[in-house]
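These notes concern the structure reproduced below.
Note that these values count all heavy atoms, side chains included, but never hydrogens, waters or copies made by symmetry. This is a predicted model, so every value here is computed, not measured. The sequence lines fix the lettering, A, B, ..., with proteins before strands; numbering per chain opens at 1.
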Amino acid sequence: MSDDLNHVLRARRDKLDALAARGIAPFAYGFDRSHHAAECVPLLGDAEEGAVVRLAGRLVALRAHGKTTFAHLGDPSGRVQLYFKKDVLGEDGWALCDLLDLGDVIGVQGPLFRTRTGEVTVRVEQLELLAKSLRPLPFGKEETVDGKVVRHSGFADGEQRSRQRYADLAVHPEVRALFVARTRMNTAVRGFLDGLGYLEVETPVLQPLYGGAAAKPFVTHHNALDMPLFLRIADELYLKRLVVGGFDRVYEIGHDFRNEGIDRTHNPEFTMLEFYEAYADYTAMMARVEALMITAATAVRDVLSAAGLATDAPAFDPAVLQGPFARMEWLPSLSSALHVPDVTALSDAELRAAAEKIGVHGVGSLSRPKLMDELFQFHVESKIDRPTFVVDYPKELSPLAKPKRGNPELTERFELFARGKEMANAFSELNDPIDQRQRFEAQARLKAAGDEEASGVDEDYLRAMEYGMPPMGGVGIGMDRLFMYLTGTAHIRDVILFPTMRPE
RNA sequence: GACCCGGUAGCUCAGUCGGUAGAGCAUGCGGCUUUUAACCGCCAGGUCGUGGGUUCGAUCCCCACCCGGGUCACCA
């Protein structure tokens, strides 16, 4: 295997030697471009011969014909055909052309013209090698059938595509477009929040206490302070401290870290958006979420449409995202799914039996709210397809949310579900430090009893709240999952440039 | 963690009902001055995931392990 690879690599190294013998530097310092590939077609227009252009990019197709060679040059804008002819290039230029490989980065200069088959092409008069490719990229062959690009024998191994994202991107323009769409989505969301007067901030990734969610943390150690530090599992508690400080509307987009399993919807580090707005309650935040979803979908659709990647994903169907989204109350929807008048009237034994029936383990050690949550996830959440707000969760499941007006056993909390997955989680944020301390202490008891995901008491956060925390609404949105939903992507690793993987 | 599927040439895959393997593309050489999955000819390239077992003989059968994918479980 390695022998053969060496054989392939050897051939490219030999070309380096041949280039050196001709005094050609294989790795350049720069190149002045006049245009991008996609500009060539409009630039030539209906003419047969056109202006001289200077383009740079990667050789993505190469067809040698003796004393002429056809190739395609790819750059971020697209691709354009190149025509090399010995007579035009001269002895030295042709010698270099002869040593080109698929994957080389080159710069060319020459006039545009139209070939016999009508394709807009650069007649290369000057050729510069900008970076010799010493390792073959796994290009597939492409043909166009009925206007659609069909790729043969390409780079298909999902694991290798994730590991070598640089190669995946280099040979798959549609993957580049997908990640451009992801960045545009973030940009659009920032614009949306900025436009509402939100301030983007940066809070600590390394935290002496972790909180704001239920998850196992990554633990590290600071040498100089000789103390443990945790990678954050959520931004929540720091952002709300800032609202105490007088920043009425704040948000952060950053990575959270959870030391749990990896599967198609979980990566140990993932991108979280959290935003907090003083004097708003959770109903106001629902409207924010609806508008944000439309903003994000529009940005994604614009990029993918321009790249010719129109799909049937939600981003392309405004009707799916047209608000207001459906509302569903937690307790009544669970009662309805279980075909009982009132789930809270069921005995502990009946709840445990129902949970056991759907395969929940260790039902004996779970509290009533936890049992109901299991039932809810199985019977309700997983069946929600169109975007739907589930509202008013039990208090025990929501230690940072305010009690619901009129029913203190519930909290003013909503989660947004779509296609069976959680997209957002939000509350009317608890701002009563006395109540918050009791909730923390209840969590601490769970933690002491062995619940690894329960939080402890965060005294500094309580101190901040005691200074007076304005009422506020807060929302957390998993950006990876939002983007997966909008693009119809099945695996989180396909929306993360460098997903966490076992070392090779 | 359980179960199912897979790991063969650089890439995409086929195959051997057990006798140490093939194709296309890519690479190398030769030919070709408007091609586009270019084409034509030739050459080379693999200890068939790892370790053990059965066997005269294993890439194929058995066991274990490693890696990947899927389903389920877990995951406020």
Side-chain angles (χ1 to χ4, degrees), chain A residues 1-12 14-15 60-72 79 81-89 94 101-103 113-119 121 123 135-145 149-160 162-163 167 171 212-216 233-234 258-266 268 330 358-362 369-370 372-374 376-378 381 390 393-401 411 413 415 422 425 427 443 446 451-455 476 490-491 493 501-504:
Chain A
M1 186 172 96
S2 60
D3 281 349
D4 189 55
L5 187 58
N6 286 340
H7 168 250
V8 175
L9 294 181
R10 189 71 255 162
R12 301 250 173 143
D14 289 345
K15 290 187 183 180
V60 297
L62 195 58
R63 298 178 294 280
H65 295 72
K67 295 182 180 63
T68 68
T69 291
F70 284 91
H72 277 88
R79 47 153 63 190
Q81 183 166 256
L82 306 178
Y83 179 55
F84 300 93
K85 192 175 182 184
K86 188 175 182 182
D87 300 345
V88 173
L89 278 168
W94 184 249
D101 285 300
L102 206 57
F113 76 107
R114 194 177 304 280
T115 64
R116 201 157 62 193
T117 58
E119 181 162 351
T121 302
R123 181 183 290 110
R135 183 180 293 272
L137 278 165
F139 281 107
K141 294 241 169 181
E142 289 179 4
E143 65 175 328
T144 304
V145 180
V149 174
V150 178
R151 194 174 289 126
H152 302 270
S153 303
F155 190 30
D157 184 322
E159 182 191 352
Q160 293 309 319
S162 295
R163 284 191 190 285
V171 304
K216 295 172 197 160
I233 59 172
R258 298 186 181 177
N259 204 342
E260 292 166 353
I262 297 175
D263 63 29
R264 66 189 183 290
T265 56
H266 295 84
W330 201 86
I358 59 169
V360 176
H361 298 300
K370 292 266 189 189
M372 287 193 276
D373 190 43
E374 295 285 352
F376 189 84
Q377 287 180 28
F378 183 87
E381 275 185 20
V390 174
Y393 282 65
K395 189 172 170 183
E396 184 189 312
L397 300 176
S398 316
L400 298 166
T411 54
R413 172 182 178 185
E415 293 198 321
E422 178 187 337
N425 181 22
F427 336 122
Q443 286 288 305
L446 289 175
D451 184 343
E452 288 185 82
E453 296 189 336
S455 55
H491 296 77
R493 70 164 193 215
M501 300 187 80
R502 191 186 300 275
E504 283 182 270

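- Comparing A73(B), A37(B), U12(B) by their nearest atom to the side chain of D157(A) picks out U12(B).
- Looking at E119(A), its side chain has no donor and acceptor atom pair within 3.5 Å of the base of U35(B).
- The aromatic rings of W330(A) and Y393(A) lie tilted to each other, with the angle between the two planes from 30° to 60°.
- Here the nucleotide nearest the side chain of E374(A), chosen from U34(B), C74(B), A76(B), is C74(B).
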Distances under 3.5 Å between nitrogen or oxygen atoms of protein and nucleotides 13-15 of chain B:
none

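- Look at the C1' atom in both A9(B) and U20(B): the space between them is 16 Å, to the nearest Å.
- Between the side chains of H72(A) and E119(A), a donor-acceptor pair is found at a separation under 3.5 Å.
- The shortest distance between the side-chain N/O atoms of R493(A) and the OP1/OP2 oxygens of G69(B) is below 4.0 Å.
- Taking atom CZ on R10(A) and atom P on G10(B), their separation rounds to 18 Å, with Å as the unit.
- With a cut-off of 3.5 Å on both pairing distances, the Watson-Crick or G-U wobble partner of G22(B) is C13(B).
- A side-chain contact (heavy atoms from CB on, under 4.5 Å) with L102(A) is found for one member of V171(A), L137(A), L62(A) and no other, namely L62(A).
- Remark: C42(B) base-pairs with G28(B); criterion is Watson-Crick or G-U wobble with both hydrogen-bond distances under 3.5 Å.
- Each of K86(A) and A213(A) has a nearest nucleotide on RNA chain B; the 5'-most of these lies closest to K86(A).
- When each of U35(B), C75(B), U71(B) is scored by its nearest atom to the side-chain atoms of R116(A), the top-ranked nucleotide is U35(B).
- Side-chain N or O atoms of E260(A) include one that pairs as donor or acceptor with a backbone N or O of K216(A) at under 3.5 Å.
- Under 4.0 angstrom from either OP1 or OP2 of U34(B) there lies no side-chain N or O belonging to R123(A).
- If you run side-chain contact (heavy atoms from CB on, under 4.5 Å) between R413(A) and each of L400(A), V390(A), N425(A), only N425(A) comes through.
- If you check distances only, the side chain of H65(A) never reaches the base of C32(B) with a donor-acceptor pair under 3.5 Å.
- Taking atom CZ on F155(A) and atom P on A26(B), their separation rounds to 18 Å, with Å as the unit.
- For the OP1/OP2 pair of A26(B) and a distance below 4.0 Å, the side-chain nitrogens and oxygens of K141(A) include at least one atom meeting the criterion.
- Within the 3.5 Å criterion, the main-chain N or O of I233(A) finds a donor-acceptor partner in the side chain of R258(A).
- Nearest to the side-chain atoms of Q81(A) among the listed nucleotides A73(B), A76(B), U35(B) stands U35(B).
- At a cut-off of 3.5 angstrom, counting only N and O atoms as typed in the model, there is a donor on one side and an acceptor on the other between the side-chain of T115(A) and the base of U35(B).
- Donor-acceptor pairing under 3.5 Å, judged by distance alone, is present between the side chain of R63(A) and the base of U35(B).
- Counting non-hydrogen atoms under 4.0 angstrom, R264(A) reaches the backbone sugars and phosphates but no base.
- Salt-bridge check for E143(A) with K141(A): failed, with every basic side-chain N at 4.0 Å or more from each acidic carboxylate O.
- Using N1 to N3 plus N6-O4 or O6-N4 for Watson-Crick, or N1-O2 and O6-N3 for G-U wobble, each under 3.5 Å, C72(B) pairs with G1(B).
- The side chain of F70(A) sits closest to U35(B) out of U33(B), U35(B), A76(B).
- Comparing the C1' positions of U59(B) and G15(B) gives an interatomic distance of 10 Å, to the nearest angstrom.
- Taking atom C1' on both nucleotides, U27(B) is separated from U33(B) by 25 Å, rounded to a whole Å.
- Across all strands shown, nothing is found opposite A58(B) as a Watson-Crick or G-U wobble partner with both distances under 3.5 Å.
- Closest approach to the D101(A) side chain among U71(B), U12(B), G28(B) is made by G28(B) (side chain taken as heavy atoms from C-beta onward).
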